[in-house]
Each structure stands twice: as C-alpha cells, then as structure tokens.
Amino acid sequence: MNSLFFSSFEVTRQCFYRSPLSYAIVNLKPILPGHVLVVPTRKVPRLSDLHDAELASLMVSVQRVGNVIERAFGADALTVACQDGTAAGQSVPHVHFHILPRKSVGDHFSNNDGIYPALENSEGSLNMHLQQTASQTMKVDADENRKPRTEAEMEQEATWLKTFFQ
C-alpha cells in the first residue's frame with residue numbers, strides 16, 4: 001500500500017477508508033467527535049482541477065464515509081463542507097471535504113449554523129498544526145478546548161473506523 005499525503009503531510013496512519021482515487025482520514029483537531037476529512041489521492045488545490053473520474057470518486061467516498069460516520073457516532077444528519085480556495089477559507093492547498101456528524105437532540109452546536117465559524121477557524125490553523133505534528137512539537141491555537149491529537153490517538157480512531165468498512 002502506497003503512502004498517502006494530504007498536501008505535503010504524510011497521513012497514511014490516519015486513513016480509515018481508501019478507494020483508487022480518494023481516501024478518508026481522521027482529523028488532527030476535530031471540531032466534534034467524528035469530524036473527518038475526505039480527500040482526492042492526487043494533490044490538487046481546487047475542485048475544478050479534478051478530472052471527472054476523480055470528482056465522481058470523491059463524491060462517492062463522501063457518501064460512503066458519511067454513512068459510516070453517521071452510524072458510528074449516532075448522528076441524525078451530517079454537515080458536509082468544502083472550502084474551495086483561499087478566499088473561501090481553505091488553508092491546505094489540497095481539495096478536501098469535511099464531514100461532521102450532527103444530532104437532532106444534544107448536538108454540539110445549539111445554533112445549527114454555529115458550525116460554520118468553527119469550521120473556518122479550524123481550517124485556518126490546520127496547516128500550522130499539520131506542520132507541528134510532523135515535527136512532533138504540538139501547540140494549540142486560541143481554542144484551548146480543541147487540542148491537536150497525538151498520532152496514536154488518530155491511529156486508534158482510524159483503526160476503529162476501518163472496522164465499519166469490512
């Protein structure tokens with residue numbers, strides 16, 4: 001199995017789902033439990049840079065991963081988001097979709113749209129935290145409640161999520 005890269009960061013051990021043209025990884029700094037990323041295998045910065053087959057694979061992967069995340073985390077719905085370009089808040093120059101499980105009762109966000117500012121803040125510091133994880137010096141941004149996870153924690157969640165695809 002080939003190594004996987006999210007931009008220039010090796011994420012093979014974070015991967016829990018893989019198709020020939022896309023994959024899914026657990027999140028270094030999830031907004032809420034079950035917040036994962038679905039990424040095309042080929043590194044391209046924008047959705048418009050994907051070939052038709054890559055885009056189709058990516059969307060099928062979003063659907064399959066979303067179904068598992070909903071079931072695994074007892075969710076009633078999903079927030080699926082893509083920040084396509086730096087003006088949209090994308091900080092890592094590799095297309096990716098965020099999948100976040102949502103609940104009708106007891107959701108982390110009492111204001112349903114409150115997830116979007118949190119997602120934008122999360123994306124803004126993602127590149128920095130990926131670099132820090134790669135160098136093993138983990139620091140946090142202003143949101144002290146969302147500390148970056150260790151490689152071991154992410155690998156443990158990825159291993160658990162893989163079982164839903166077997």
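Position 1 is the first residue of the sequence, and the numbers go up from there.
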Spatial distance of atom [atom1] ([X]) from atom [atom2] ([Y]) [nearest 0.5 Å]:
| X | Y | atom1 | atom2 | result |
| --- | --- | --- | --- | --- |
| N67 | I99 | CG | CD1 | 9.0 Å |
| L58 | E54 | CG | CD | 9.0 Å |
| L47 | D84 | CG | CG | 4.0 Å |
| R149 | M154 | CZ | CE | 6.5 Å |
| K147 | K29 | NZ | NZ | 10.0 Å |
| R42 | D49 | CZ | CG | 7.0 Å |

Taking all heavy atoms of [X] and all of [Y], pick out the closest pair and write down the distance.
| X | Y | result |
| --- | --- | --- |
| P33 | P101 | O-CG, 3.1 Å |
| A158 | Q14 | CB-O, 3.5 Å |
| L100 | H98 | CD1-CB, 3.9 Å |
| T79 | R102 | OG1-NH1, 2.8 Å |
| N2 | R18 | O-NH2, 2.9 Å |
| V39 | V95 | CG1-O, 3.6 Å |

N/O donor-acceptor pair under 3.5 Å between [X] side chain and [Y] backbone:
| X | Y | answer |
| --- | --- | --- |
| S61 | Y23 | no |
| Q90 | P45 | yes |
| T41 | S22 | yes |

Give the cluster check for [X] versus [Y]: same hydrophobic cluster or not, with ILVMFWY residues linked at side-chain heavy-atom distances below 4.5 Å.
| X | Y | value |
| --- | --- | --- |
| V60 | F97 | no |
| V80 | L161 | yes |
| V65 | L21 | no |

Could you list the residues that satisfy ring-ring contact (aromatic ring centres under 6.0 Å, His included) with F5, not counting sequence neighbours?
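ring-ring contact (aromatic ring centres under 6.0 Å, His included) check on F5 returns nothing, list empty.
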For [X] and [Y], take the angle between the two ring planes, folded into 0 to 90°, and tell me which bin it lands in: parallel under 30, tilted 30 to 60, perpendicular over 60.
| X | Y | result |
| --- | --- | --- |
| F73 | W160 | perpendicular |
| Y17 | F165 | tilted |
| H96 | F6 | perpendicular |

Looking at residues at least two apart in the chain, or sitting in another chain, which of them share a side-chain hydrogen bond (donor to acceptor under 3.5 Å, both in side chains) with Q156?
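None.
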State, yes or no, whether a side-chain contact exists between H94 and P40 at a heavy-atom distance under 4.5 Å.
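Touching, per the 4.5 Å side-chain cut-off.
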